[in-house]
Amino acid sequence: MSGSPNRPVRRRTFVLGSAAAAGTAALAGPLALPASAASFGYTDDGSNYVVDTGANLVFKVSKTNGDLTSLVYRGTEYQGYGGKNSHVESGLGTSTVTIAQSGSTILVSVTYGTLKHYYAARSGENNVYVWTNKADTSVSATRYLVRVKAGLFLNDEPDSYTYAPTTIEAADVFAKSDGQTRSKHYSKLRVVDYDYIGWSTGAVGLWMVRSNHEKASGGPFYRSLLRHQSADGGGLYEILYYGENQTEAQRFGLQGPYVIAFTDGGAPSSSLYPGNLTTSWADSLGIFGYVAAGGRGKVAGVGISGRNTAYAYTVGLANSAAQYWGSARSSDGYFSIAGVLPGTYTLTVFKGELSVHSTSVTVTAGATTTLNTITIPSSNDPGNASAIWRIGTWDGTPSGFKNAALMTYAHPSDPRAAAWTGNVVIGSGSETSSFPAYIWKDVNSGLLVYFKLTAAQAAAAHTLRIGVTTAYANGRPRVTVNDWVSAIPSPPTQPSTRSLTVGSYRGNNYTFTYSVPASAWLTDTGQYNVLKIDVVSGSGTTAYLSAGTSIDALDLLA
């Protein structure tokens, strides 16, 4: 489970096809050898600009709307399913489309109202470099979808519904004949976990290499759809703003490049990965909103003290215009974040996915902002508080709870899920693994926790805490301790869209606190006190779309 203790933040790939393919690919990046560079150039077939990269890739861009209408690699057409092209969102309307060649680079420029979109080809490379500049909300979301013909790649992973004939939620969550669930939402991955997504047959690989997401929203731990496959064909996504389970406002401006890359079966060249890709060749192309490396700055921190070294720490930078992040070194907390647009940012230190410290930092072009050791106050980490008992760990995720890992790639109704009911006895040794990761008003509200107190503990008032990572339909916990009933807490700000059923627990971490008076406890120390947790809300529908919440940790403080 991402964000778990003893597990560093790392890059992961998502590869299908031959297991040996990842080690046998031809490079797809700037180091690739040109196959026939003499053919590099473009033509006009009347309806499209036809770009030959001088390697093994020829692609076409519609002169009418800027759609990518053809992707031919080694003579095979890969683009298209359902009569649709590859494009921004669901396709742009009539646009102004132009093309220009500058030395070894060809740039296709698309203007649709206030949105500007670009495709670039480099001589001798099997790549299409893509930028999107969205200036306002005239285009609803910001995603690019590469549509791939059916039958070219096999995908029976969670983010597929090729073999899932039964619809179980909305029009995008399906069940196979054995009940296992499939959906384009079930990618398993956070943004920080992957550099590229795609498929491989062992002989051909088709990949979407993500951008640095500086103009995206949601931060390093955001989860969204990355690919899908159905009977009609497959899709690869670059999601910059999807409007689903978003925790931040939409950012505007130039995003990219992200790269559509073909290989001879293996992974795309690491030179294309976010943080590695250099685009000095694009500095003079006139891409609207483009900021070259010299116009950017860097933030470096010498260390972070006050960390719990059992957890991975991430440092994020964010303001209304841009976002960035980097891993803190496990030995001392050193971090470095480069390629940052000038401005003042909120710097946040995350323990797992839980914010434990924030400050302000200013970045200037061409300079490094060096920070002295950041000290996390002990009180900022709820895991440092002395507790009579604790279920789960305070890391901003439901890691360790029942069904938590499965829920990033399956629907809660999936037969692989353990029963969502189940009460917990403190001292049993399986408190966390027995406690459900999610609680819904219509499914398992009323969970019970049994615990004993000493005479001294029962003579005093105590604070009960329940940490959550998101909520659906304003679901929040109301507690009953023996005969004492808490007030109904106000709902914190959370995304308004589906979350718990589409593979994401990522919302706004929030801690509910309840001041339980001494009169609530049983005076007989041999008896179990009973904590009852109900989900309350006036919203939601039924079953797994009733009001619900995801649990980070719960404890009774000493």
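Positions are given from 1 along the sequence.
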Trace of the side chain to side chain donor-acceptor pair (under 3.5 Å) decision for Ser86 with Gln79: CA-CA 7 Å; Ser86 302; Gln79 198 291 130; 3.1 Å; yes
Quick one: does [X]'s side chain get under 4.5 Å of [Y]'s, heavy atoms only?
X	Y	value
Tyr258	Met208	yes
Ile287	Leu107	yes
Phe401	Ile391	yes
Ile260	Tyr119	no
Asp395	Asp552	yes
Leu500	Ser550	yes
Tyr505	Tyr438	yes
Ile304	Ile376	yes

Gln255 vs Ser211, side chain to side chain donor-acceptor pair (under 3.5 Å): CA-CA, chis, key distance, verdict: CA-CA 7 Å; Gln255 181 65 64; Ser211 67; 2.9 Å; yes
Positive for side chain to side chain donor-acceptor pair (under 3.5 Å) with Tyr222, one of His213, Gln246, Arg506, Arg190: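 Of the listed options, the one satisfying the test is Gln246.
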Residues Ser499, Ser504; criterion side chain to side chain donor-acceptor pair (under 3.5 Å); working and verdict: CA-CA 5 Å; Ser499 54; Ser504 179; over 6 Å; no
Would you please say whether a donor-acceptor pair under 3.5 Å links the side chains of [X] and [Y]?
X	Y	result
Asp264	Tyr73	yes
Asp283	Tyr290	yes
His185	Arg223	no
Ser358	Thr348	no

Identify the heavy atoms of [X] and [Y] that sit nearest to each other, and give their distance.
X	Y	result
Ala553	Gly392	CB-C, 4.1 Å
Gly333	Ala328	O-CB, 3.8 Å
Glu248	Ala318	OE2-CB, 4.2 Å
Pro495	Thr247	CG-CG2, 4.1 Å
Val315	Leu347	CG1-CG, 3.7 Å
Asn126	Leu57	OD1-N, 3.5 Å

Counting distance only, does the side-chain N/O of [X] pair as donor-acceptor with the main-chain N or O of [Y] below 3.5 Å?
X	Y	answer
Gln229	Ser160	no
Arg296	Val291	yes
Thr549	Thr470	yes
Asn508	Thr493	yes
Arg476	Asn474	yes
Gln101	Ile106	no
Asp555	Leu557	no
Lys298	Gly339	no
Arg465	Pro382	yes
Ser104	Arg122	no

Working for side chain to side chain contact (heavy atoms under 4.5 Å, CB included), residues Thr393 and Tyr311: CA-CA 10 Å; Thr393 58; Tyr311 296 83; 3.3 Å; yes
Charged N-O contact under 4.0 Å between Lys134 and Glu89: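 No, Lys134 and Glu89 are not salt-bridged.
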Lys188/Asp193 ion pair, N-O < 4.0 Å: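 Salt bridge absent between Lys188 and Asp193.
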Plane angle bin for Tyr42 and Tyr49 - parallel if under 30°, tilted between 30 and 60°, otherwise perpendicular: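 Judged by the thresholds at 30° and 60°, the geometry between Tyr49 and Tyr42 is perpendicular.
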Starting at [atom1] of [X], measure out to [atom2] of [Y] and round the result to the nearest 0.5 Å.
X	Y	atom1	atom2	answer
Leu189	Ser224	CG	OG	11.5 Å
Ser123	Asp52	OG	CG	9.0 Å
His357	Arg307	NE2	CZ	13.5 Å
Asn85	Leu145	CG	CG	10.5 Å
Tyr237	His228	OH	NE2	4.5 Å
Leu115	Asn133	CG	CG	7.0 Å

Steps toward side chain to side chain donor-acceptor pair (under 3.5 Å) verdict (Ser269, Ser271): CA-CA 5 Å; Ser269 169; Ser271 64; 2.7 Å; yes
Chi angles and distances behind the side chain to side chain contact (heavy atoms under 4.5 Å, CB included) call for Tyr112, His117: CA-CA 8 Å; Tyr112 174 74; His117 185 68; over 6 Å; no
Aromatic Tyr194 / basic Arg210 pairing, under 6.0 angstrom, 45° off normal: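 Yes, a cation-pi geometry holds between Arg210 and Tyr194.
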Test ring pair (Phe, Tyr, Trp, His ring centres under 6.0 Å) applied to Phe512 and Tyr510, step by step: CA-CA 7 Å; Phe512 294 93; Tyr510 184 83; 4.8 Å; yes
Candidates Phe59, Tyr78, Trp199 - the one meeting ring pair (Phe, Tyr, Trp, His ring centres under 6.0 Å) with Phe262: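 By the ring pair (Phe, Tyr, Trp, His ring centres under 6.0 Å) criterion, Phe262 pairs with just one of Phe59, Tyr78, Trp199: Tyr78.
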Steps toward side chain to side chain contact (heavy atoms under 4.5 Å, CB included) verdict (Leu71, Val146): CA-CA 10 Å; Leu71 275 171; Val146 179; 4.1 Å; yes
Option passing side-chain contact (heavy atoms from CB on, under 4.5 Å) with Tyr144 (candidates Leu68, Leu236, Ile239, Leu240):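 Among Leu68, Leu236, Ile239, Leu240, the one that satisfies the side-chain contact (heavy atoms from CB on, under 4.5 Å) with Tyr144 is Leu68.
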Intermediate values then yes/no, side chain to side chain contact (heavy atoms under 4.5 Å, CB included), Val191 and Trp325: CA-CA 11 Å; Val191 176; Trp325 56 81; 3.6 Å; yes
